[in-house]
Amino acid sequence: SCTIAGIPTGATPVLILGGHVYSNTNGHILFDNVNIALSGTGVQLRAKAWLDGPYDQALGLMRDALRAAGLIPATEPYTALFGDGGGGEAVAPSVLAMSGANAIVDWIRLELHLGPYPDGTTTPIARRNALLQCDGDIVDVDGSSPVTFATGPGNYLVVVRHRNHLPVMNTYAIPLNSTPYPIDFRAAALDCYARPAPNADLPRKTIGTARALWAGNTEPGAIFTRGLYYVGQMNDRDPILAAIGGSTPTATISGYHLTDVNMDGVVKYVGAGNDRDPILLNIGGGTPTNVRKSQVYPY
C-alpha cells in the first residue's frame, strides 16, 4: 500500500495498474482487493431558500408540519425519485427532534453546475441531498454544518431542487472553495436564471419582499422537468385527486406525498388548505390553461 500526499487542488488522480509475465506472453495478471481512498476539503456552500408551499409570510418562516408529524424519512428521497444514482444521505432522529427556527422542514437537493449555455443547458458537476430548516438555512445532515461537495474549487452555478416545487438556479457563477460561500435564494437581489425566449418565465415566486420556489410540481412522471400545469396531459392537479382515491373529492390522506403541495402532512383536493388551489394560483389564477415554465434544465 502507499499514500500520496500533496496532490494539487483540482487535479484528477489516475491509478494505472500494470505488470509483466516472464514465461508466457499470453498470460494474465489479475488484480484483486484494490482499495483507493481520496481525501480533501472539497467545496462548501451556505445556501438559503424558501419553499412556497410551507412558507408563512406572517411569521417569516416555513412550517415544519411534516417533521412535527414524524413524516420526514430518515434517508433522502431524491435518489429514488430522480433515479440518478448517488445520494443515500441519512439524518439522525436527534436532528429531526429540533424545534423552532432550526427545525427541519424537509429534504432538499443542491447541485453544482457549469453553464448555462446559449440553449439554456448546463453541466451538473456535483450534487448533495441536504436538510432545509424553517428559517431557510440549508444544512448538512448533522443539522448545522454547511453543505460540502466532493469537487475541486472553481466557479459554479447552484441549483436548488425540491420534490414538489420548481427548481431555481442563480445566473452568475460563484467562486466555491473550502471556505463556506453564502448564497441566499430568498433575497430579491439575487439574480436567478431565466431560459431564453420564448420560454422565459419568473424563476421564483414573489411573496412580499421574499422570493420562494414555486409550489405544485406533483406529477411524478415529469417531476424533474417541465413546469406547473393545471389541465392537460400529465397535469399537476389530477395526481392529487388520484392520491385520495380518485372518486371522492372530499377524501383526504395523511403522509409524505408529492401531492401534499402545502406540506402540511395531509393531501386534500377540496376545502380549506387544499393542495389543488395553490397550483391554479401559481399558474396565474384566472386561466386554467396557463403554464408556469421551469427555468432550470432539464425542463
Side-chain angles (χ1 to χ4, degrees), residues 46-68 72 99-110 130-139 158-171 182-195 200-219 223 226-230 236-237 240 257-268 271-288 290-296:
R46 287 194 182 276
K48 301 175 186 288
W50 294 131
L51 296 179
D52 169 32
Y55 182 68
D56 189 321
Q57 185 179 0
L59 295 177
L61 294 169
M62 288 177 288
R63 298 179 297 273
D64 63 333
L66 295 179
R67 182 205 65 82
I72 297 178
S99 59
N102 289 331
I104 303 304
V105 174
D106 199 4
W107 286 97
I108 201 162
R109 170 171 283 198
L110 293 177
L131 300 169
L132 178 65
Q133 297 179 333
C134 289
D135 60 3
D137 290 341
I138 299 175
V139 297
V158 178
V159 172
V160 181
R161 297 188 191 274
H162 182 261
R163 59 196 176 90
N164 61 14
H165 287 64
L166 294 185
V168 66
M169 179 174 70
N170 58 315
T171 301
I183 182 169
D184 192 349
F185 285 90
R186 307 170 308 172
L190 181 67
D191 198 335
C192 290
Y193 179 75
R195 293 165 59 185
D201 211 332
L202 291 175
R204 298 172 294 174
K205 181 176 181 177
T206 297
I207 307 176
T209 60
R211 299 294 183 272
L213 277 66
W214 294 97
N217 195 17
T218 70
E219 169 51 53
I223 192 166
R226 311 182 318 141
L228 302 182
Y229 291 72
Y230 191 74
D236 296 292
R237 173 177 55 98
I240 300 173
H257 300 285
L258 286 177
T259 45
D260 180 14
V261 175
N262 60 17
M263 297 172 59
D264 64 355
V266 180
V267 179
K268 298 179 65 176
N274 72 70
D275 297 292
R276 175 173 55 98
D277 288 348
I279 301 171
L280 181 61
L281 177 64
N282 282 347
I283 64 167
T287 307
N290 283 349
V291 176
R292 174 70 59 191
K293 297 177 181 178
S294 174
Q295 297 302 291
V296 177

Between Asp236 (side chain) and Tyr229 (backbone), is there a donor-acceptor pair under 3.5 Å?
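A pair under 3.5 Å: yes.
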Counting only N and O atoms by type, is there a donor-acceptor contact under 3.5 Å from the side chain of Asn170 to the main-chain atoms of Leu190?
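No, the answer is negative, given that no donor and acceptor are paired below the 3.5 Å cut-off.
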Please identify each residue that fulfils side chain to side chain donor-acceptor pair (under 3.5 Å) with Ser99, with sequence neighbours left out.
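Scan of Ser99 (side chain to side chain donor-acceptor pair (under 3.5 Å), adjacent residues dropped) gives none.
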For Tyr230, which residues count as a side chain to side chain donor-acceptor pair (under 3.5 Å) partner, sequence neighbours excluded?
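Side chain to side chain donor-acceptor pair (under 3.5 Å) list for Tyr230, sorted by chain: Arg276.
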About how many Å separate [atom2] of [Y] and [atom1] of [X], when rounded to the nearest 0.5 Å?
X	Y	atom1	atom2	value
Ser294	Asn217	OG	CG	7.5 Å
Leu166	Leu51	CG	CG	11.5 Å
Met62	Arg186	CE	CZ	8.0 Å
Arg163	Thr218	CZ	OG1	11.5 Å
Ile183	Lys48	CD1	NZ	12.0 Å
Asp137	Leu131	CG	CG	11.5 Å

Tell me, do [X] and [Y] make a side-chain contact under 4.5 Å, heavy atoms counted?
X	Y	result
Asp260	Val266	no
Ile207	Trp50	no
Arg63	Leu61	no
Ile104	Gln133	yes
Ile240	Asn274	no
Val160	His165	no
His162	Leu132	no
Asn102	Val139	no

Output yes when Arg292 and Asp201 qualify as a salt bridge under the 4.0 Å nitrogen-oxygen rule, no when they do not.
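Asp201 and Arg292: salt-bridged.
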Compare every heavy atom of [Y] with every heavy atom of [X], then report the nearest pair and how far apart it is.
X	Y	answer
Val261	Ala215	CG1-CB, 3.8 Å
Tyr55	Ala210	OH-CB, 3.9 Å
Gln295	Pro203	CG-CA, 4.1 Å
Leu213	Ala49	CD1-CB, 4.3 Å
Thr171	Tyr193	OG1-N, 3.1 Å
Ile138	Leu110	CG2-CD1, 3.7 Å

Tell me the salt bridge (Lys or Arg N to Asp or Glu O under 4.0 Å) pairs involving residues 203-218, sequence neighbours left out?
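Every pair satisfying salt bridge (Lys or Arg N to Asp or Glu O under 4.0 Å) with a residue in residues 203-218: Asp52-Lys205.
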Name all residues meeting the salt bridge (charged side-chain N to carboxylate O under 4.0 Å, His left out) criterion together with [X]; count only those two or more places apart in sequence or in a different chain, and write none if there are none.
X	result
Asp56	none
Asp264	none
Asp275	none

Applying side chain to side chain contact (heavy atoms under 4.5 Å, CB included) to Trp214 and Leu228, what does each step give before you reach the verdict?
CA-CA 9 Å; Trp214 294 97; Leu228 302 182; 4.2 Å; yes
